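The structure under discussion appears below in the form of structure tokens.
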Amino acid sequence: MMLGPDCREVTRRVLLAEETPLTLGERLGVRFHMLICKACPKFARQLSLMRRASERWRQYSSEDES
């Protein structure tokens, strides 16, 4: 019996949350999983870092075009 989502499902939900809000149940499942897993929080931090770097790159690129 599984208590919550597995790593594959959490990864899918973290990526989905970039596009659309998660339901309360999905958010709770992700949070619970993040408490007991070492890899998924690292993935979420890496995704956040990539998002911020991409935003900065877009800003940098648009400044060059001006």
Side-chain angles (χ1 to χ4, degrees):
M1 181 173 115
M2 188 185 276
L3 296 174
D6 61 7
C7 291
R8 183 174 291 191
E9 182 63 21
V10 168
T11 299
R12 187 185 73 75
R13 289 180 185 177
V14 167
L15 291 169
L16 180 64
E18 293 280 316
E19 304 292 326
T20 60
L22 298 178
T23 66
L24 177 61
E26 289 172 327
R27 288 193 315 266
L28 290 174
V30 168
R31 281 186 181 226
F32 175 74
H33 182 86
M34 295 285 191
L35 292 172
I36 61 172
C37 181
K38 290 184 179 183
C40 289
K42 289 179 183 179
F43 171 76
R45 285 192 302 274
Q46 289 171 346
L47 183 64
S48 176
L49 175 68
M50 289 187 294
R51 183 180 353 95
R52 288 191 316 269
S54 178
E55 289 169 1
R56 287 181 181 172
W57 178 254
R58 274 184 252 137
Q59 289 174 355
Y60 175 77
S61 295
S62 65
E63 288 174 2
D64 283 348
E65 293 173 2
S66 299

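Here the structure is a predicted model, which means the values were calculated and not measured. Numbers for residues simply follow the sequence, beginning at 1.
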With sequence neighbours excluded, residues passing side chain to side chain contact (heavy atoms under 4.5 Å, CB included) with Arg56:
none
Could you list the cluster mates of Leu28? Members are the ILVMFWY residues connected by side-chain heavy atoms closer than 4.5 Å, either directly or through other members.
Leu24
CD of Gln59 to OG of Ser54, rounded to nearest 0.5 Å, is 10.0 Å
Other than Leu47, which residues form its hydrophobic cluster under the rule that side-chain heavy atoms must be closer than 4.5 Å?
Val10, Val14, Leu15, Leu16, Leu22, Val30, Met34, Phe43, Met50
For Glu55, all residues meeting side chain to side chain contact (heavy atoms under 4.5 Å, CB included), sequence neighbours excluded
Arg51, Arg58
Suppose we screen for side chain to side chain contact (heavy atoms under 4.5 Å, CB included). Which residues come up paired with Arg8, at least two apart in sequence or across chains?
Asp6
Any side-chain hydrogen bond (donor to acceptor under 3.5 Å, both in side chains) involving residues 25-45? Give me the pairs, sequence neighbours left out, ordered by first then second residue.
Thr23-Glu26
